[in-house]
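These notes are about the structure you will find just below.
When a residue number appears, it is its place in the shown sequence, counting from 1.
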Amino acid sequence: MVFAGATDPVNGDDPANIVNRTRTGAGAQMELSTALRRAMFGDFSGAAERRTTAGVPSADSPYADHFWNGFVGAVREAIRNHELGLDSL
């Protein structure tokens, strides 16, 4: 994992960045591999298909529901813990 320094131009502190437009004024941005993203959608061929097949198993992604629900659950838990001040950062 690589972290940008406080003066690094890509340190993530731009107020216009959607990640920073939260109730707390800060957030985290995750880069997900293509393989993980493919695993979460029944049809990965385009944006419209991804919107309608998020977490829907298919022949190409038989465990999409497990990947999608696990990922969404983990992110929601992290957000909740952060907003309650329970995270370590």
Does Val72 share a hydrophobic cluster with Leu36, counting links as ILVMFWY side-chain heavy atoms below 4.5 Å and allowing steps through other members? yes
Taking all non-hydrogen atoms of both residues into account, name the closest pair between Asn11 and Asp13 and its distance. OD1-OD1, 2.8 Å
Contact list for residues 29-53, test ring pair (Phe, Tyr, Trp, His ring centres under 6.0 Å), sequence neighbours left out: Phe41-Trp68
Hey, what do you get for CZ (Arg38) to CZ (Phe67), rounding to the nearest 0.5 Å? 13.5 Å
For Leu84, I'd like to know if atom CG has over 12 heavy atoms of other residues, nucleotides or ligands within 6.0 Å. yes
Using the rule that two of Ile, Leu, Val, Met, Phe, Trp, Tyr join whenever any of their side-chain heavy atoms come within less than 4.5 Å, decide whether Ile79 and Met30 are in one cluster. yes
Residues in salt bridge (Lys or Arg N to Asp or Glu O under 4.0 Å) with Glu49, at least two apart? none
Once rounded to the nearest 0.5 Å, what's the spacing between atom CG of Asp14 and atom CZ of Arg21? 10.0 Å
Verify side-chain hydrogen bond (donor to acceptor under 3.5 Å, both in side chains) between Asp43 and Ser45, making sure each step is shown before the conclusion. CA-CA 6 Å; Asp43 184 344; Ser45 63; 2.7 Å; yes
Could you state the interatomic distance from CZ (Arg76) to CG (Asn81), rounded to the nearest 0.5 Å? 14.5 Å
With heavy-atom distances below 4.5 Å as the criterion, would you say the side chains of Pro15 and Asn20 are in contact? no
Between Pro62 and Asp65, what is the shortest heavy-atom contact and its length? O-OD1, 4.1 Å
Give the minimum heavy-atom separation between Gly42 and Ser58, together with the two atoms involved. O-OG, 2.8 Å
For the residue pair Leu32 and Arg37, what are the closest heavy atoms and their distance? O-NE, 3.4 Å
